[in-house]
Protein chains: 2
Amino acid sequence: MKQESAKERILLAAGPIFASKGFEKTTVREICSAADVNVASINYHFGDKKELYTQALILARQLREEQVPFPAWTDDVTPDEKLRGFIALLLQRIVVMQTEPWEIRLLLREVMHPTDAARPLIENYFRPFLDRLMSIVDEILEHRLPDHQRHQIGFSIIGQCMHYRVSGEMISMMISEDEYQNCFEIQNLADHIWRFSLGGLRGIRESIVDSQLSASDRLSNQVPS
Amino acid sequence: MKQESAKERILLAAGPIFASKGFEKTTVREICSAADVNVASINYHFGDKKELYTQALILARQLREEQVPFPAWTDDVTPDEKLRGFIALLLQRIVVMQTEPWEIRLLLREVMHPTDAARPLIENYFRPFLDRLMSIVDEILEHRLPDHQRHQIGFSIIGQCMHYRVSGEMISMMISEDEYQNCFEIQNLADHIWRFSLGGLRGIRESIVDSQLSASDRLSNQVPS
DNA sequence: TAGTAATTCAAACAATTGTTTAATACACTC
DNA sequence: GAGTGTATTAAACAATTGTTTGAATTACTA
């Protein structure tokens, strides 16, 4: 009298396993063991392993169709504080990712190995991050830069965060375990990246002011020689 | 009358294959076929597949050291210029995709998914690289921060560069092809990352000055109540 | 040149993989 | 309740993996 059919149990068991180990390293026997079904069941119900993976991907997408919303900031939150919140959120959701549900992790895995035509999915997930970030940058700079500069700034901030995901293992090997435990927690990292990026932004803002000044110099305020 | 011994041919053949497919997906038979040796040769000369991988990594590092030595800066180069040079060098080493030598791909693979073979790599290759960057940072700040902060700064700069390598695909999805062609050349990126990082460093330097001031306030300049 | 050590080779080995099979158990209809 | 189609099972299968074996060949030395 099991609530879920064998097919459902396989699908539900496969998702998290695929999400954490990927397609290649996941064995059908492991899935069947987790789903408590016979080894032949995958082939009986899904045809083959690949089709099961596809179904798991589809299921993940259905379950996560709606975008995960960003926190809504009230009006009294300063742009600087928003940036701090954004960086912490990015670190939390994409870098650590343990807190993310398996559906997201599975989809993200697909993102990292861009073999399939899952392009729109990628856009849907990452585009809001970048857009949101750039609008915060606009606020901080009190100025909307040309797109390519906005993008470069966005990638500078995202890149700092992503590095802890992409090279996280290497980083943990390069510094002492003690330092890693104490100084590379999410909040520590968010603080540093926040400060570093605020500095970078301020430098850019000042260079804007300079260029504007020099531009107005050239235009209307020629210094008499 | 072959110039290269079987052992050498195996090593030379293994490098590019490991680099393009990774350790798991590379089969010993493929390597042996490429090296034109018997299947048993790997085990005879190297013991097992894993040791061959380690040797290939070591070779990659040696070749890379010879190919791209670090520039020796003269005394009149300012720390800021050194940072600019460092960033450009890093970008040049890791971002260029086409005509990219297998040594880089193999090394970067190890960065993202380190195996046991990564330990000596870190000590001999990556650590000195990070140290170099951090010493430049020390010069710019005219102050040696605690290690964890030096590391975080180093990772912030390296992370910005790495992002264009690791997420290059996603980046090209986020921006128009036109913008990508015109504004994301290596020199453009180096300029931006350089400026952004200089700003970040300046922010940190000022926070040092502030904390030193407030520290001296507390220590020797107590305000009479 | 004879002999010994090092190397190469085809073949087999053991383990793991995804998949198939054929018998059995179950569920449902008439 | 017999019959029929579906579902489950243990076992085997075929393919691939890294590795080992033992004989054959080569290279080197005394």
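In the text below, chain A, chain B and the rest are named by the order of the sequence lines, each starting its count at 1. Computed from a predicted structure; not experimentally measured.
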Colleague: May I ask you to decide if B/Pro146's main-chain N or O and B/Gln149's side chain share a donor-acceptor pair within less than 3.5 Å?
Modeller: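 No, B/Gln149 side chain to B/Pro146 backbone: no donor-acceptor pair under 3.5 Å.
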Colleague: Residues two or more places apart in sequence or in another chain: which of them pass side-chain contact (heavy atoms from CB on, under 4.5 Å) with A/Glu185?
Modeller: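 Checked A/Glu185 against side-chain contact (heavy atoms from CB on, under 4.5 Å); matches are A/Asn188.
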Colleague: Is the backbone N or O of B/Leu106 less than 3.5 Å from a side-chain atom of B/Glu110, with the two atoms forming a donor-acceptor pair by type?
Modeller: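 Answer holds: no.
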Colleague: Which residues satisfy the ring-ring contact (aromatic ring centres under 6.0 Å, His included) test with A/Trp73, sequence neighbours excluded?
Modeller: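 Per chain and number, A/Trp73 pairs via ring-ring contact (aromatic ring centres under 6.0 Å, His included) with no residue.
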Colleague: Does any N or O in the side chain of A/Arg195 come within less than 3.5 Å of the main-chain N or O of B/Gly200, such that one atom is a donor and the other an acceptor?
Modeller: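 Not a single qualifying donor-acceptor pair exists.
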Colleague: What ring-ring contact (aromatic ring centres under 6.0 Å, His included) pairs are there with at least one residue in residues 176-201 of chain A, not counting sequence neighbours?
Modeller: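 Output for this query lists A/His192-A/Phe196.
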Colleague: Assign A/Ala6 to base, sugar-phosphate, or nothing according to its heavy-atom contacts below 4.0 angstrom with the strands shown.
Modeller: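 If one applies the 4.0 Å heavy-atom cut-off, A/Ala6 turns out to touch the sugar-phosphate alone, with no base involved.
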Colleague: Using heavy-atom distances to pick each residue's nearest nucleotide on DNA chain C, tell me which of B/Lys7 and B/Val39 is more 5'.
Modeller: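 Nearest nucleotide further toward 5': that of B/Lys7.
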Colleague: Could you tell me which residues satisfy ring-ring contact (aromatic ring centres under 6.0 Å, His included) with B/Tyr53, sequence neighbours excluded, listed by chain and number?
Modeller: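 Applying ring-ring contact (aromatic ring centres under 6.0 Å, His included) to B/Tyr53 gives B/Phe18, B/Phe23.
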Colleague: Nearest whole Å is fine: how far is C/dG18 P from A/Tyr53 OH?
Modeller: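 From A/Tyr53 OH to C/dG18 P: 14 Å.
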Colleague: Record whether the side chain of A/Asn38 comes under 3.5 Å of the base of D/dA10 through a donor-acceptor pair of N or O atoms.
Modeller: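 Indeed, a donor on one side and an acceptor on the other fall under 3.5 Å apart.
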Colleague: Separation of A/Glu24 atom CD from D/dT16 atom P, in whole Å?
Modeller: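 Atom-to-atom, A/Glu24 to D/dT16, this comes out as 14 Å.
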Colleague: Send over the distance from B/Asp36 CG to C/dT8 P, rounded to a whole Å.
Modeller: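 So the two atoms are 11 Å apart, to the nearest Å.
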Colleague: Counting only heavy atoms and a strict 4.0 angstrom limit, can you tell me which residues of residues 25-32 of chain B come near DNA chain D?
Modeller: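 Close to the strand are B/Thr26, B/Thr27, B/Val28, B/Arg29.
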Colleague: Strictly below 4.0 Å, heavy-atom distances to any atom of DNA chain D: list the hits from residues 43-52 of chain B, or just say none.
Modeller: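 The answer is B/Asn43, B/Asp48, B/Lys49.
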Colleague: For the pair A/Ser167 (side chain) and A/Tyr164 (backbone), establish whether a donor and an acceptor sit closer than 3.5 Å, ignoring hydrogens and angles.
Modeller: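 No, because the side chain of A/Ser167 does not come within donor-acceptor range (under 3.5 Å) of the backbone of A/Tyr164.
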Colleague: C/dT7 P sits how many Å from B/Arg9 CZ, rounded?
Modeller: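 Whole-Å distance recorded here is 13 Å.
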Colleague: Is it the case that more than 12 heavy atoms not belonging to B/Arg119 sit under 6.0 Å from its CZ atom?
Modeller: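 Open.
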Colleague: Quickly work out the B/Ile42 CD1 to D/dT21 P distance and round it to whole Å.
Modeller: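 B/Ile42 atom CD1 is separated from D/dT21 atom P by 18 Å.
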